[in-house]
Amino acid sequence: MKIKSAEFVMSNSDVDKCPKSMLPEYAFIGRSNVGKSSLINMLTNRKSLAKTSGRPGKTQLINHFLINKNWHLVDLPGYGYARVSKSSKKVFQKFITQYFGIREQLVSGFVLVDIRHKPQPIDLEFMQWLGENGIPFSIIFTKADKLKPKAIESHIEDYKTILLETWEEIPNYFITSSSNGIGKDNLLEYIDELNNGIIK
């Protein structure tokens with residue numbers, strides 16, 4: 001898939017106010033500072049479609065972007081950032097769970113994980129919640145340019161070992177880098193196949 005157009009549609013904290021169209025949606029979420037905005041900009045060939053910030057936790061709303069006029073990329077708030085107030089965290093958590101729970105247009109979620117770190121409880125817990133609620137998702141390992149291939153392989157094996165303690169099989173996953181475009185084609189091809197009903 002080639003991204004020919006990418007445009008901002010809306011931001012809000014009320015799932016009921018999300019776009020009414022039935023276009024397929026793909027939601028990106030992860031811990032704050034995981035490189036979500038940079039990944040979105042890399043995928044869409046836009047330098048500032050999603051706002052990047054040196055201050056983690058910047059994304060605090062549900063952001064919809066219309067891609068190629070036929071599907072929505074959804075940028076959800078990052079989780080697990082200590083400097084965000086407890087009251088704000090509760091608001092995030094409420095509309096994040098509402099989004100995943102009631103948004104019929106959602107085809108798949110993508111949980112972003114920083115490949116540089118060992119498996120983090122907060123990421124594993126969120127994946128577990130998605131699984132328990134029957135929400136399809138893939139894992140996107142970010143910042144692959146920061147590690148050597150053997151280290152990447154080792155960290156992914158760590159995730160596989162932990163996940164297989166409670167999962168029958170490993171969720172689909174992608175290895176990416178916003179800096180050099182690793183994984184871009186594979187990820188977009190996967191979304192294209194989902195849009196075309198090739199993958200059920």
Side-chain angles (χ1 to χ4, degrees), residues 1 15 18 22-40 42-44 50 59 61-65 67 71-81 92-115 117-144 152 155-178 182-200:
M1 180 202 306
V15 178
C18 287
M22 292 305 294
L23 293 176
E25 292 184 358
Y26 300 89
F28 288 65
I29 190 169
R31 279 185 296 124
S32 298
N33 215 23
V34 74
K36 179 161 53 69
S37 295
S38 295
L39 178 74
I40 290 171
M42 181 268 282
L43 290 174
T44 58
T59 303
L61 297 168
I62 303 171
N63 297 303
H64 275 76
F65 302 97
I67 311 299
W71 59 277
H72 283 120
L73 187 158
V74 185
D75 180 10
L76 293 172
Y79 54 78
Y81 183 55
F92 296 173
Q93 290 166 355
K94 184 177 180 180
F95 68 68
I96 287 171
T97 54
Q98 283 181 335
Y99 174 84
F100 281 107
I102 68 175
R103 192 67 174 160
E104 295 179 1
Q105 293 89 334
L106 178 69
V107 175
S108 179
F110 290 98
V111 180
L112 277 64
V113 173
D114 189 332
I115 192 64
H117 306 305
K118 295 289 185 177
Q120 301 293 306
I122 192 168
D123 293 321
L124 297 170
E125 288 168 8
F126 187 68
M127 292 180 203
Q128 189 69 28
W129 181 85
L130 290 173
E132 289 173 354
N133 285 275
I135 299 164
F137 74 94
S138 295
I139 302 170
I140 297 180
F141 291 102
T142 65
K143 306 185 181 183
I152 291 173
H155 285 197
I156 290 176
E157 286 302 315
D158 289 339
Y159 267 92
K160 288 181 178 179
T161 299
I162 292 176
L163 287 170
L164 286 176
E165 292 176 0
T166 53
W167 293 69
E168 290 186 5
E169 58 183 3
I170 301 299
N172 189 38
Y173 68 88
F174 299 88
I175 299 169
T176 69
S177 167
S178 299
I182 291 173
K184 176 180 179 179
D185 291 341
N186 289 340
L187 184 50
L188 289 177
E189 181 181 348
Y190 177 72
I191 291 174
D192 195 37
E193 290 176 348
L194 286 174
N195 279 336
N196 292 323
I198 297 172
I199 299 174
K200 299 293 185 182

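At a threshold of 4.5 Å between non-hydrogen side-chain atoms, the residues Leu73 and Phe28 count as touching. For the pair Ile122/Phe126, no side-chain contact is recorded, criterion being any heavy-atom separation below 4.5 Å from C-beta on. Residues Val113 and Ile140 form no side-chain contact, since every pair of their non-hydrogen atoms from C-beta on lies 4.5 Å or further apart. Looking at Ile162 and Leu124, their side chains come closer than 4.5 Å, going by heavy atoms from C-beta outward. Contact check for Asn133 versus Phe100: no side-chain heavy atoms found under the 4.5 Å cut-off. The side-chain heavy atoms of Leu76 and Leu61, taken from C-beta on, include no pair separated by under 4.5 Å. You'll find the side chain of His64 reaches within 4.5 Å of the side chain of Cys18, heavy atoms only. Side-chain contact between Leu39 and Phe110 is absent, with no heavy atoms from C-beta onward closer than 4.5 Å.
The side chain to side chain contact (heavy atoms under 4.5 Å, CB included) test applied to Leu23 returns Ser21, Leu66, His72, not counting sequence neighbours. Considering only residues two or more places apart in sequence or on other chains, Asp114 meets the salt bridge (charged side-chain N to carboxylate O under 4.0 Å, His left out) condition with Arg116, Lys143. Residues satisfying the ring pair (Phe, Tyr, Trp, His ring centres under 6.0 Å) criterion with Phe137, sequence neighbours excluded, are Trp167. Partners of Asp185 under the side-chain hydrogen bond (donor to acceptor under 3.5 Å, both in side chains) rule, at least two apart in sequence or in another chain, do not exist in this structure. Scanning for side-chain hydrogen bond (donor to acceptor under 3.5 Å, both in side chains) contacts around Ser178 gives an empty result, with sequence neighbours left out. Leu188 pairs by the side chain to side chain contact (heavy atoms under 4.5 Å, CB included) definition with Met1, Ile3, Leu43, Lys184, not counting sequence neighbours. Here Phe141 pairs with Tyr159, Tyr173 under the ring pair (Phe, Tyr, Trp, His ring centres under 6.0 Å) rule; sequence neighbours left out. Residues passing the side chain to side chain contact (heavy atoms under 4.5 Å, CB included) test with Pro24 are Tyr26, Trp71, Val107, Asn195, sequence neighbours excluded.
A donor-acceptor pair under 3.5 Å is formed between the side chain of His155 and the backbone N or O of Ile115. Put simply, the side chain of Thr142 gets close to the backbone of Val34: a donor and an acceptor are under 3.5 Å apart.
Rounded to the nearest 0.5 Å, atoms OG (Ser37) and CG (Leu112) are 10.0 Å apart. With rounding to the nearest 0.5 Å, the separation of CD1 in Ile156 from CG in Leu163 is 11.5 Å. Note that CD1 of Ile170 is 7.0 Å distant from CD1 of Ile139, once rounded to the nearest 0.5 Å. Taking CD1 from Ile182 and CG from Leu187, the interatomic distance works out to 13.5 Å, rounded to the nearest 0.5 Å.
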* From CA spacing to verdict: side-chain contact (heavy atoms from CB on, under 4.5 Å), Val111, Ser138 -> CA-CA 6 Å; Val111 180; Ser138 295; over 6 Å; no

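Among pairs with a residue in residues 168-178, none fulfils salt bridge (Lys or Arg N to Asp or Glu O under 4.0 Å), at least two apart in sequence or across chains. Among pairs with a residue in residues 126-135, none fulfils salt bridge (Lys or Arg N to Asp or Glu O under 4.0 Å), at least two apart in sequence or across chains. Among pairs with a residue in residues 155-164, those fulfilling salt bridge (Lys or Arg N to Asp or Glu O under 4.0 Å) read Lys118-Asp158, Glu157-Lys160, at least two apart in sequence or across chains. The salt bridge (Lys or Arg N to Asp or Glu O under 4.0 Å) contacts involving residues 96-110 comprise Glu25-Arg103, where partners must be two or more places apart or lie in separate chains.
The minimum heavy-atom distance between Gly183 and Thr176, with the atom names listed, is CA-CG2, 4.3 Å. The shortest heavy-atom contact between Pro136 and Gly134 is CD-O, 3.5 Å.
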